[in-house]
Amino acid sequence: MDFELSEEQVLLKDSIDRFVKDNYSSEDRIKLSQTDLGFSRDHWKTMAELGWLGMAFSEEVGGFGGGAVETMIMMESMGRGLVLEPFVSTVLLGGALIAEAGNEAQIEAIIPELIEGNLMLSFGYAEAQSRFNLNDVETTASKSGDGYVLNGTKAVVYHGGTADKIVISARTSGASRDADGISLFVVDTDAAGVDIRSYATVDGQRAADVRLENVTVPTTALLGAEGKAGPVIEKIIDRATGALCAEAVGAMTAANEITNEYIKTRKQFGTAIGKFQVLQHRMVDMYMEAEQSKSMSDMVAMKLDLGYEDDTRKAVSAAKAQVGKAAKFVGQQSIQLHGGMGMTDEYSIGHYFKRLTTIEMLFGNTDFHLNRFSNLS
Amino acid sequence: MDLSFTNEEVAFKSEVREFIENNLPADVKDRYSRGIHFTKEGQERWQKILNSKGWLAPNWPGEYGGTGWTATQKYIFAQEMGRASAPPPMPFGVSMVGPVIYTFGNQEQKDYYLPRILQSEDWWCQGYSEPGSGSDLASLKTKAVRDGDDYIVNGQKIWTSHAQHANLIFCLVRTDQDVKAQEGISFLLIDMDSPGITLKPIIGLDTEHTLNEVFFDDVRVPVKNRIGEENKGWTYAKFLLGNERTSIARIAQSKLRCEHLREVASAERVDGGLLQDDADFMRKLNQIEVDLMALEYTELRMLSKIEHGETLTAEPSLLKIKGSEIQQRLTELLVESLGMYGAAYEALEVREGRNDQNFAPDYAHGPMAEHLYLRAATIYGGSNEIQRNIISKMVLGL
Ligand SMILES: Cc1cc2nc3c(=O)[nH]c(=O)nc-3n(C[C@H](O)[C@H](O)[C@H](O)COP(=O)(O)OP(=O)(O)OC[C@H]3O[C@@H](n4cnc5c(N)ncnc54)[C@H](O)[C@@H]3O)c2cc1C
Ligand SMILES: Cc1cc2nc3c(=O)[nH]c(=O)nc-3n(C[C@H](O)[C@H](O)[C@H](O)COP(=O)(O)OP(=O)(O)OC[C@H]3O[C@@H](n4cnc5c(N)ncnc54)[C@H](O)[C@@H]3O)c2cc1C
């Protein structure tokens, strides 16, 4: 057992920390999030050049063979800077699904392009009625001639508006909420019948509702075996959830540093407000929540590198439950300790609060994961 | 001790309910029920309707245009307003400076300002906080120096809510540097059009403009615009804060939010059923409702004390702490009830009360905006930490 990073891992962490330092000052990030795109294609190119987009893929598919630990390192550093580029959507969701379930032709067509930074992906799995249940799929795909016809609406698809292709979960058989009978399709965003409505999310990112109306896709768009995608989706979402926990740890750590610095310098009643014991203890609680989350995030990354068992699933839910609770507490108290300053959009702390708020919901909120943890126990 | 309403009170309740139902403009109601910031025009329209009925300022003494209602009637009225999603009048005039003017102002000030508040001719804003003086309000530095019949005011206020709509600002200013901080403060009424005043907007977390910085550069203010005595402003300021704390508990509005949450829970689908069948979710909602009920009866108990001529000390702090925490928990739960649609936030669209880019249900448009703004509920009006300090000092003797 060892929680320390290897030399190579330290280099990886340093390079991302440097990128964040150079490109993600609070002002830069606010400006970027307000552009139409909501992120920078130049940054995306840089990420490709530095090898980060290929890090999580195995060497067989053209990647650099990093594991969940490398992903954790990258996500934590990106979380510190609230990085906006669609890394999770493209690499950890869309790309990971293709690498996991795709055939050789599909992998060859997509993954190298993705690693080069030329192709962006996104994953449409949630629907209005599904909340966090991945098997609650009412979008349908029916066989027709040489392909499938897709119908349905996917809700809050992160980066759906900027993706070149969206992986869509659709039901090819079974009743809604059956684990069996779900299939994955790679859909071009410019295909006929695809209506993408993009909007901002509160964390400064972009999401879209994706309506599919008689969208015809060829059989080659089917990812993996028909009707057997349920377990693939669960696994990839679990891996992404682990990564999201790391992002949250980075964001909480940064928020705590900013808040700690603030209460040391802000003076009221002739003294730094950090001298008031009630704020000291609050800050201590925030620090402890971040530390507890870091432990869970590291644990889950290492576990994910050992395989994917029931025990792994349970660990993911435990980590997300801890992180969800912590993200809420740290985010909200960071604002509280800043007083009025915390309420201004110009200042950095509010943006940490907003991202931490959405992290709590993403891939299942705290109650959802507590229940899943209980069901797996 | 008796909880029941008399026949007259029951009749009064129907009268209030009917009046609001028939007169509250639909657009005003819609914004308020979604938790979206008002428009000045809409707010004014509604205030004029209330005033035409004589109901704009129920708490004011009858001689100044109040209603002369009993505490029970005032309670019923507040409940009915909340229940109907009717926005209360802007607090700065009616609940803040108005009572200061009729309690401490001179006859001329009463005659001039009070009717103008009732008729919504004046829009007030509150110039208390400064960059260096938030929780420690008494340390304020904005300076007023006598020059004949005028004061010359220099300094800066911050976090001034809705100053962009206001034509008047009530300000705490320092008129004596050489005494204990609290003893050198005066309370001035200042025309926002005075030369030397500039406004700078502050954009909030919800990307809305409600907050401002107000700068004073050699602003001349007639001495006759001072309330009460020079250097006694702190007394008036604290009197006002006590009123502010009670009115920001917003119990009736929170009750309505609970009801709204039950409606959302009966519409939101989860696992093939409805959110209202989700025990975890409902437990959280039930817990808030119980806490809210405890707060409501605490408020009633305090109202009854006032009715019997007792004066309150730190009790309003309790209402403020519990009321604001409940407001935050309610919007948080409302956001949670929306699943991932809670994250969708198109500020520009939300401002108009809509976000048509997604296919979310109608009730999903607004809650996040309110959730963001209401983080301030535990900060403004004296932060909850400060309120706890007040209770520990004044009630518990710590
Ligand atoms: C079951 C038990 C076993 C014990 N075993 C041992 C033992 O084997 N050997 C031994 O030497 N002692 C032992 N103790 C004593 C223990 O270490 C003391 O009880 C402890 O240090 C607290 O001291 P106190 O009881 O005097 O409480 P106090 O120090 O009077 O504290 C009372 C309360 O005030 C709070 N408080 C005090 N100072 C501060 C501050 N600066 N800021 C904020 N809050 C403050 C405390 O947290 C506590 O809540 C034991 C105690 C218990 C209950
Ligand atoms: C949305 C909004 C609207 C507002 N509207 C107005 C307005 O219209 N007019 C106006 O004058 N002001 C307004 N305010 C200002 C508000 O009154 C102040 O923000 C508030 O008094 C806190 O002051 P501050 O922001 O300087 O925070 P600070 O006083 O710096 O407080 C920062 C943190 O330190 C804590 N703290 C400070 N002192 C102590 C202590 N002794 N013990 C323990 N903890 C302490 C606080 O609780 C807070 O968590 C508004 C503020 C907001 C956010």
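Letters A, B, ... are given to chains in the order of the sequence lines, protein chains preceding strands, and every chain is numbered from 1. Since we're looking at a predicted model, the values are computed, not measured.
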Can you confirm whether more than 12 heavy atoms, excluding those of A:Glu213, are under 6.0 Å from its CD atom? no
Give, for atom CG of A:Asp345 and atom OG1 of B:Thr207, the distance between the pair rounded to the nearest 0.5 Å. 6.5 Å
Under 4.5 Å heavy-atom distance to chain A, tell me which part of B:Glu332 shows up: side chain, backbone, both or neither. side chain
Can you tell which part of A:Phe132 gets under 4.5 Å to a heavy atom of chain B, answering side chain, backbone, both or neither? side chain
Checking A:Arg206 against chain B: side chain, backbone, both or neither under 4.5 Å from a heavy atom? neither
Toward chain B: residues of residues 349-364 of chain A with heavy atoms under 4.5 Å: A:Gly350, A:Phe353, A:Lys354, A:Thr357, A:Thr358, A:Met361, A:Leu362
Whatever's closer than 4.5 Å to a heavy atom in chain A on B:Pro361 counts as neither
Atom OH of B:Tyr341 and atom CG of A:Asp209: how far apart are they, to the nearest 0.5 Å? 3.0 Å
Proximal component of A:Ala155, with respect to chain B [non-hydrogen, under 4.5 Å]: both
Sort B:Ile202 into side chain, backbone, both or neither according to what part of it lies under 4.5 angstrom from a heavy atom of chain A. side chain
Flag the one option from B:Gly342, B:Ala181, B:Gly132 with the top tally of heavy-atom pairs under 4.5 Å to chain A. B:Gly132
Hey, which of B:Leu211, B:Val335, B:Leu372 has the most heavy atom pairs under 4.5 Å with chain A? B:Leu372
May I ask you to test the A:Phe276-B:Glu385 pair for a side-chain heavy-atom distance under 4.5 Å? no
Option that, when pairs with chain A are counted at under 4.5 Å, heavy atom only, ranks first among B:Ser383, B:Gly134, B:Ser139, B:Ser129: B:Gly134
Hey, which residues of residues 366-377 of chain A are touching chain B, say heavy atoms under 4.5 Å apart? A:Asp367, A:Asn371
Report which part of B:Ser135 has an atom under 4.5 Å of a heavy atom belonging to chain A: side chain, backbone, both, or neither. both
Using the side chain to side chain contact (heavy atoms under 4.5 Å, CB included) criterion, which residues pair with B:Val270? Sequence neighbours excluded. A:Arg131, B:Leu275
Just give me the residue among A:Asn133, A:Asn365, A:Thr344 that pairs up with chain B most often, heavy atom to heavy atom, under 4.5 Å. A:Thr344
Relative to chain B, which of A:Lys267, A:Glu346, A:Met341, A:His338 shows the most heavy atom pairs under 4.5 Å? A:Met341
So which atom in B:Arg269 and which in A:Ala128 form the shortest heavy-atom distance, rounded to 0.1 Å? NH2-CB, 4.1 Å
With a 4.5 angstrom heavy-atom cut-off, could you sort out which part of B:Ser133 is near chain A: side chain, backbone, both or neither? backbone
Chain B-proximal positions within residues 324-337 of chain A [heavy-atom distance under 4.5 Å]: A:Lys328, A:Gln332, A:Ile335, A:Gln336
For A:Asp203, which atoms come within 4.5 Å of any heavy atom of chain B: side chain, backbone, both, or neither? neither
Separation of B:Met340 CE from A:Tyr158 OH (nearest 0.5 Å): 4.5 Å
Are the side chain of B:Asp136 and the backbone of A:Phe269 linked by a donor-acceptor contact shorter than 3.5 Å? yes
Is a side-chain donor or acceptor of B:Glu268 paired with a backbone partner of A:Gln129 at a separation under 3.5 angstrom? no
